[in-house]
Student: 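Sending over a structure as structure tokens; questions will come in a sec.
Start at 1 with the first residue, then count along the sequence. None of these values were measured; they are calculated from a predicted model.
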Amino acid sequence: MAAKKSVKRGGKGKGYKASSTKLTNKRTSKLAKQGKLKPKKKKKGWGELNQQSEIQNHHRVNGRDESVPEEESDLSDQDLDFYGTPGTASSFISDAKFGSLSKETVSKGKKRKKNIDEGEEENYEQKPRKLFAKEENIKSLLPIKTSHGVIPQMTQIKQEEPEIKEEMIEKSETATPEKQEELPTLTNIELYANRQEKLRARKTRIAALASSLIENPEENIKKLKELRSYVTECDPDMFLTVRKLAMISMMEVFKDIIPGYRIRLPTEAEKAAKLKKETKKIRDFEETFLLNYKKYLEFLEMTCKGKLVEDKDNRFGKSGAELRPSPAASQSLSVLAAKCLCEILKAHPHFNYRNNIITVLVPHMNKGNKEVRDIVCDTVREIFRSDKSGEVSLEIVKSISRMVKIREFKVKREVLDSFLSLKIKQVDYDGDLVKQDGKTRKEMMKKMSRRERKKKKKMELLEHELLETRASEDKNKKIKMHTEIVQTIFHTYFRVLKSLHQSSLLSAVLEGLARFAHLINVDFFEDLFNVFNNLIDSGNLGYRESLHCIKTAFVILMGQGEVLNIDPMRFYTHLYNSILSVHAGVSSDDTSLVLDCVECMLGRRRRQISQQRVLAFIKRICTLSLQQDGHCCVALLAVLRSFVVNFKSSELLFDNETQGSGMFLPELPHPEHSNAHNTMLWEITLLKNHYHPVVRQFATHLGKMAPTSGEGQLPVDLLRRDPKQFLQDFKPTEIFFGIEFPKKMFHKKEIF
């Protein structure tokens, strides 16, 4: 019997259809429960079943559809079509778990057990796969089941693309390069003209952008990014020139439009809040400005280090391969970048990224490039002189001290000489000013009533708010900053004195101690004098280091060191022996240092020195004046005149007759035992014939024992000048001696 077709059933709803297979299974289950099921014949093997299905498919193709009796097979025509169609059953087999086909399945009902050998299962599993694997490029998809049957779905696997790519790569490797079109050759004049034309266009655009930014920065702030793009110009023909122009233009723009306050970027909560249109506009301007300012500073930092910053969108070469500037060109870019950083720091030391700029510039104070080193050192000195609050100076001093410590004091002398430009007059080591203010306030508050105290607190709060709006700095804050600066400097100085006696920095350290000797804490006085004595005894000091050491010691003794019980006789002896090392050659510039030492040791301590010591120093200064230039000789004679006027015992040096026993011994190292009272100032007679007219005036004046009136007196303008002022007024920068010649001479033409 032919398999029954599906019958419509009305149990579950209209249009529901049950397949004949399902009805057959129900009928079989019912007969099995009743025990009326007839024993089934032995099922054919998998091989026979496949042969029978192939024969049926062959007959179906030829138009013959022979029905199979129901007792012989439980499969319907649709099932045979499904399992006989290629590509439909492979998905079931591929999705089956490993070993699941070898196990017997147990159903809930009393179904027939299938006794199938494992070998037959493997053959049945492999045969369809072999059948479907004939075409390797075909992949089966899920079939579509309709009322007319099952429609198999196939697709073709695309595997030709990688082979094509490989073939293309092989062809490209083996193919001969095509001949490129040759560009027309240009002469040198044409190349130069093209470069000038492109450079002129760049200059015009840079100037237009800079002018618009300076004119209205709020409206044209977006143009700042375009202007910044020119600092990374990559055209090999003119990138050096364009970068220099863009760097200088951006520096001038930033110097002009940087606000007078620090910009604080908004937090996430502030960004999420709603703002007014004007407020949002200001915030956008600040964010855009600060972003471009930061990237510009990063570019300058990399350029200062000698690295060539490249643009990501380089159209003229990969990774800047075409940009190979010479060492001289790279050095010129580094110098210009350092200048730009210095100018920005000098113009706006309060603005953002100040500490970053200082961190970049300070290491260049010790670089081998003298031009960059001089630029940075001059900038640091100028900032030290102009800084009123001390905040920027403190940051620079800390950075220098950190660098000196990291490099183990192997730095240039100019690094420590920059400290000499600091203008510090008052410090507070113990915080006495703050304590005094606190005590005074507490005493005043105790004497006031409740109403007065309340009013006083309100006034203090108001004064504090007004102080923030003032342009002047708080005095206590300034003293606190200066105190920290001095402590940092002395910490560096004392490290050098303690461990590096033969260092090249010793001269700079002693000069710095002499400069800030009035600010040294009393606790260090005794240790400093012990170090100075050891240095003098070692004999390793030059004349300049010795003069600085002596000056520092006596500046300390003139100030808070008066209470110390220290004998300065050793320093007098050392100055007496080293004073003749200053001559008219290279050391003539150290005459001002000699004047400072003599003034500290004799001028301000006239009541604490003996007569023999005074006469010995007067004779030594008079001898020193013979080997000096004109302006130095005038300054020394001015000091000598003050000693002659202030010390009455100097009259012994103008008398030919000897006083007492002994003979003058100038070669003795001790001034007390040189018998200076038995000599006279015969050098004055020689100075009367000096080439300098002012020296001759002073010599004539001293030859008559410095009269205040009458014959031999000096003009008033010479008497009122400080000895150091003579060094500047009569410095031989030109041929004349302090006399200005007419700039233009008129001669009357003679007519013949």
Side-chain angles (χ1 to χ4, degrees), residues 205-206 209-210 212-214 216-234 239 242-271 275 279-314 320 333-364 372 375-376 379-380 383 391-392 395-396 398-399 402:
R205 186 57 184 164
I206 290 172
L209 292 172
S212 59
L213 283 167
I214 293 174
N216 193 350
E218 288 81 7
E219 297 294 334
N220 303 318
I221 190 62
K222 293 183 180 179
K223 294 183 180 180
L224 194 59
K225 183 179 180 181
E226 183 181 355
L227 181 60
R228 183 171 54 82
S229 65
Y230 285 103
V231 299
T232 56
E233 176 68 38
C234 295
F239 75 97
V242 174
R243 288 192 179 199
K244 289 180 180 180
L245 293 174
M247 287 163 62
I248 296 174
S249 300
M250 287 200 73
M251 178 196 70
E252 295 297 335
V253 169
F254 281 126
K255 284 173 62 178
D256 191 270
I257 68 175
I258 285 178
Y261 57 90
R262 293 177 65 88
I263 295 177
R264 183 183 66 85
L265 294 177
T267 59
E268 295 297 332
E270 293 175 348
K271 289 180 180 179
L275 301 174
T279 308
K280 189 176 184 304
K281 185 178 179 181
I282 294 173
R283 179 175 292 179
D284 293 341
F285 166 76
E286 291 178 349
E287 290 180 359
T288 307
F289 175 80
L290 201 59
L291 176 63
N292 287 278
Y293 182 66
K294 179 183 177 182
K295 290 186 177 180
Y296 175 64
L297 293 181
E298 290 175 351
F299 168 80
L300 293 180
E301 178 185 358
M302 299 299 292
T303 309
C304 273
K305 295 178 180 179
K307 298 179 181 179
L308 189 65
V309 183
E310 303 161 3
D311 191 5
K312 295 180 180 179
D313 302 329
N314 186 0
L333 280 175
S334 301
V335 172
L336 185 59
K339 284 183 180 179
C340 292
L341 285 173
C342 292
E343 290 295 328
I344 291 175
L345 184 61
K346 286 192 294 184
H348 301 282
H350 66 280
F351 196 60
N352 298 50
Y353 306 115
R354 175 187 66 195
N355 296 342
N356 302 79
I357 297 175
I358 292 172
T359 306
V360 173
L361 289 179
V362 166
H364 288 280
V372 176
I375 291 171
V376 178
T379 302
V380 170
I383 292 174
E391 293 183 5
V392 186
E395 293 294 335
I396 296 176
K398 284 184 176 180
S399 183
R402 196 181 306 115

Student: For a side-chain contact (heavy atoms from CB on, under 4.5 Å) check, start with the C-alpha distance between L213 and F254, then their side-chain angles and the critical distance, and finish with the verdict.
Tutor: CA-CA 9 Å; L213 283 167; F254 281 126; over 6 Å; no

Student: How many angstroms lie between atom CD of E268 and atom NZ of K271, to the nearest 0.5 angstrom?
Tutor: 5.0 Å

Student: For residues S334 and T303, report the shortest heavy-atom separation together with the two atoms involved.
Tutor: OG-O, 3.0 Å

Student: Can you give me the closest heavy-atom contact between I263 and P259, atom names plus distance?
Tutor: CD1-CG, 4.1 Å

Student: I'd like to know whether R205 forms a side-chain contact (heavy atoms from CB on, under 4.5 Å) with Y230, so could you lay out the CA-CA distance, the side-chain angles of the two residues, the decisive distance to 0.1 Å, and finally the verdict.
Tutor: CA-CA 10 Å; R205 186 57 184 164; Y230 285 103; 3.1 Å; yes

Student: Once the angle between the rings of F289 and F285 is folded into 0 to 90°, is it parallel (under 30°), tilted (30 to 60°) or perpendicular (over 60°)?
Tutor: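 It falls in the parallel class, under 30°.
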
Student: Which heavy atom in N292 sits nearest to a heavy atom in K225, and how many Å separate them?
Tutor: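 Smallest interatomic distance, heavy atoms only, reads OD1-CA, 3.5 Å.
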
Student: Looking at every heavy atom in both E219 and K281, which two are closest together, and how far apart are they?
Tutor: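 Here E219 and K281 meet closest at OE2-NZ, 2.6 Å.
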
Student: So, E286 versus Y261: side-chain donor-acceptor pair below 3.5 Å or not?
Tutor: yes

Student: For C340 and M251, which heavy atoms make the closest approach, and how far apart are they?
Tutor: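 Result for this residue pair: CA-SD, 3.6 Å.
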
Student: To the closest 0.5 Å, what do you measure between CG (N355) and NZ (K398)?
Tutor: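 These two atoms lie 10.0 Å from each other.
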
Student: Taking the side chain from H348 and the backbone from G260, do they hold a donor-acceptor pair closer than 3.5 Å?
Tutor: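 No.
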
Student: Quick one: CE on M250 to CG on L224, what's the gap to the nearest 0.5 Å?
Tutor: 4.5 Å

Student: Can you name the closest pair of heavy atoms from M247 and L333 and give their distance?
Tutor: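 Taking every non-hydrogen atom into account, CE-O, 4.1 Å.
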
Student: How long is the straight-line distance from CG of L290 back to CG of N352, given to the nearest 0.5 Å?
Tutor: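 With rounding to 0.5 Å, CG (N352) is 5.0 Å from CG (L290).
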
Student: Let me know which of D256, L209, N220 forms a side chain to side chain contact (heavy atoms under 4.5 Å, CB included) with I214.
Tutor: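 Among D256, L209, N220, the one meeting side chain to side chain contact (heavy atoms under 4.5 Å, CB included) with I214 is D256.
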
Student: Checking E343 against K346 for the salt bridge (Lys or Arg N to Asp or Glu O under 4.0 Å) test, could you report, in this order, the C-alpha distance in whole Å, the side-chain angles of both residues, the deciding distance, and whether it holds?
Tutor: CA-CA 5 Å; E343 290 295 328; K346 286 192 294 184; 3.5 Å; yes

Student: Under the salt bridge (Lys or Arg N to Asp or Glu O under 4.0 Å) rule, what do E233 and K244 come out as? Steps first, then yes or no, please.
Tutor: CA-CA 10 Å; E233 176 68 38; K244 289 180 180 180; over 6 Å; no

Student: Return the CZ to CZ distance between R264 and R283, rounded to the nearest 0.5 Å.
Tutor: 8.0 Å

Student: Taking the side chain as everything from C-beta on, heavy atoms only, tell me whether P266 gets closer than 4.5 Å to E287.
Tutor: yes

Student: With rounding to the nearest 0.5 angstrom, report the CZ to CZ distance, F351 to R354.
Tutor: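 Here the interatomic distance stands at 12.0 Å.
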
Student: Quick one: sort the Y293 and Y353 rings into parallel, tilted or perpendicular, breaks at 30° and 60°.
Tutor: tilted

Student: Using only atom types and a distance under 3.5 Å, with no angle test, would you say the side chain of S399 pairs donor to acceptor with the backbone of I396?
Tutor: no

Student: Kindly check if the number of other-residue, nucleotide or ligand heavy atoms within 6.0 Å of NZ (K295) is above 12?
Tutor: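 12 or below, so no.
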
Student: Testing I375, V376, I358, V360 one by one against L341 for a side chain to side chain contact (heavy atoms under 4.5 Å, CB included), which residue passes?
Tutor: V360

Student: Report the C-alpha distance between T288 and K222 in whole Å, list the side-chain angles of each, state the deciding distance to 0.1 Å, and finish with yes or no for side-chain contact (heavy atoms from CB on, under 4.5 Å).
Tutor: CA-CA 8 Å; T288 307; K222 293 183 180 179; 5.5 Å; no

Student: Report yes if some heavy atom in the side chain of Y296 is under 4.5 Å from a heavy atom in the side chain of I344; otherwise report no.
Tutor: yes

Student: Could you give me the CA-CA distance, side-chain angles and deciding distance for N356 and L297, then say whether side-chain contact (heavy atoms from CB on, under 4.5 Å) is met?
Tutor: CA-CA 9 Å; N356 302 79; L297 293 181; over 6 Å; no

